[in-house]
Amino acid sequence: MYNKHQVVMVRAKGATVWDETGREYIDCVAGYGVANIGHGHPDVVKAIKDQADRLIVMPQTLPNDKRAEFLTELVGVLPQGLDRVFLCNSGTEAMEAAKKFAITGTGRKRFVSMKRGFSGRSLGALAFTWEPKYREPFGDAVDNRNVDFITYGDIEQLRAAVTDETAAVILEPVQGEGGVRPASIEFMQEARRITKEKGALLILDEIQTGFCRTGKMFACEHSGVVPDAMTLAKAMAGGLPVGALAMTTEVADRMPAGGHGTTFGGNPMTMAAGVAALRAMKRENMAEQAREKGAYFMEKLRAIGSPKIREVRGLGLMIGVELKEKSAPYIAALEHEEGVLTLQATPLVVRFLPPVTISKEQIDQVVAAFARVLE
Ligand SMILES: CC(=O)N[C@@H](CCCNCc1c(COP(=O)(O)O)cnc(C)c1O)C(=O)O
């Protein structure tokens, strides 16, 4: 299934990863945007060790102190009004929950999703995903008959697509897998206005953009848009598997008792790591770090001036360099020749998702390496 690289990674700290031969890499993959606070953050490591000694397993039918602490921390950083949370274990699970809560929350069944969007790999989440390569192997087991796809950023199409049958619009503030494409502030604000007008929910997918990645705690803050629900995962628990659907009380209260569930969601280990991670993000002002370092990183990438680069784009430390040719060979050269790990985001884009704690010196090394492989 996976395009497995010919290395074995055995250790990591901050933005550095080591393979089994002891070779060092600067990590601009960070687990696909998971290690935002850096690999092996000491606060998270300590929290995991302490919690392991206290309590690892406790289902959500039995309240737990760490879970309560995490929910308080999370609601404390979420946009005002998103004060109810369904906890789970991945982004896909958060998207599955979003679909169910939107249906019970509105009594409607239609959705509007974005071309080039990515919502996860389950059959339910795939229904929101436009890219055929993800869906086609499964045929009509991916049931997207209730989904209208529009061009990302097209306000006219959005206005036409959202009706009084629409349960929700699903939208990434920055499309990640779709090529690192930030939505315009106008598009975000129109999506909020149009959904409110039609009684549909606005569900923002901040699974990749959340938790300081784009220069704010959440990407929606750049436009001031407050959604009815938000899917979260990746960096939320300092590297442990996690997912959540944050939502308004109005949406939460319309889910019938026992209407959804999860065995591992909200487990004390993940919650303990999450408390430490969220506190570290605030204490180390990581949103501002991402803003400042992202601007620096993109300025240096643009200064390379290679004729092979079509565009450098992104928001904070969610960066994509679109080339005029396939990006895969350059990603491979960066890894094998330069010891820099990067990832694709559609065939022409080299994506950089480093830990927010990456140093300026490491950014300079990554840019110099990229300039060399582009020669
Ligand atoms: C190697 C590998 O498996 N990569 C993953 C990378 C997925 C990265 N994105 C996850 C994601 C998801 C799904 O999140 P999860 O289930 O992978 O945690 C939902 N929404 C958005 C905006 C996302 O970016 C994949 O190809 O499915």
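Counting convention: from 1, in listed order, for ligands and their atoms alike. Reckoned from all heavy atoms, side chains included, excluding hydrogens, waters and symmetry mates.
Of all protein heavy atoms, the one closest to atom 20 (N) of ligand 1 is D205 OD2, 2.7 Å. Among all non-hydrogen protein atoms, the one lying nearest atom 16 (O) of ligand 1 is T92 OG1, 2.7 Å. Among protein heavy atoms, atom 26 (O) of ligand 1 sits closest to R121 NH2, 2.7 Å. Protein heavy atom in closest approach to atom 1 (C) of ligand 1: Y2 CE2, 3.4 Å. Of the protein's non-hydrogen atoms, Y32 CD2, 3.4 Å is the one closest to atom 6 (C) of ligand 1.
With respect to R54 and D50, no salt bridge is recorded, no charged nitrogen being found less than 4.0 Å from a carboxylate O. A salt bridge does not link R181 with E172: every distance from a Lys NZ or Arg NE/NH1/NH2 to an Asp or Glu carboxylate oxygen is 4.0 Å or more. Between D253 and R84, at least one side-chain N (NZ, or NE/NH1/NH2) sits under 4.0 Å from a carboxylate O, which counts as a salt bridge.
Put simply, the side chain of R67 gets close to the backbone of G266: a donor and an acceptor are under 3.5 Å apart. With E165 contributing its side chain and R110 its backbone, the two residues share no donor-acceptor pair below 3.5 Å.
Here the options are L82, D83, V77, the test is side-chain contact (heavy atoms from CB on, under 4.5 Å), and the partner is P79; only L82 passes.
Atoms of ligand 1 lying under 4.0 Å from at least one heavy atom of E172, given by number and element, are 22 (C). Close contacts between ligand 1 and G120 involve ligand atoms 13 (C), 19 (C) [criterion: under 4.0 Å to a heavy atom].
For F218 and F211, the gap between ring centers is short of 6.0 Å.
Between M1, Q208, E206, K234, it is K234 that holds the heavy atom closest to atom 8 (C) of ligand 1.
Note on ring orientation: taking the six-membered ring where Trp is involved, the planes of F86 and F101 are tilted (angle from 30° to 60°).
Within the 4.0 Å heavy-atom criterion, neither part of A94 lies near ligand 1. Counting heavy atoms under 4.0 Å from ligand 1, residue E177 touches it through the side chain alone.
Considering backbone and side-chain atoms together, G91 places an N or O closer than 3.5 Å to an N or O of ligand 1.
Taking a 4.0 Å cut-off on heavy atoms, S119 registers as neighbouring ligand 1.
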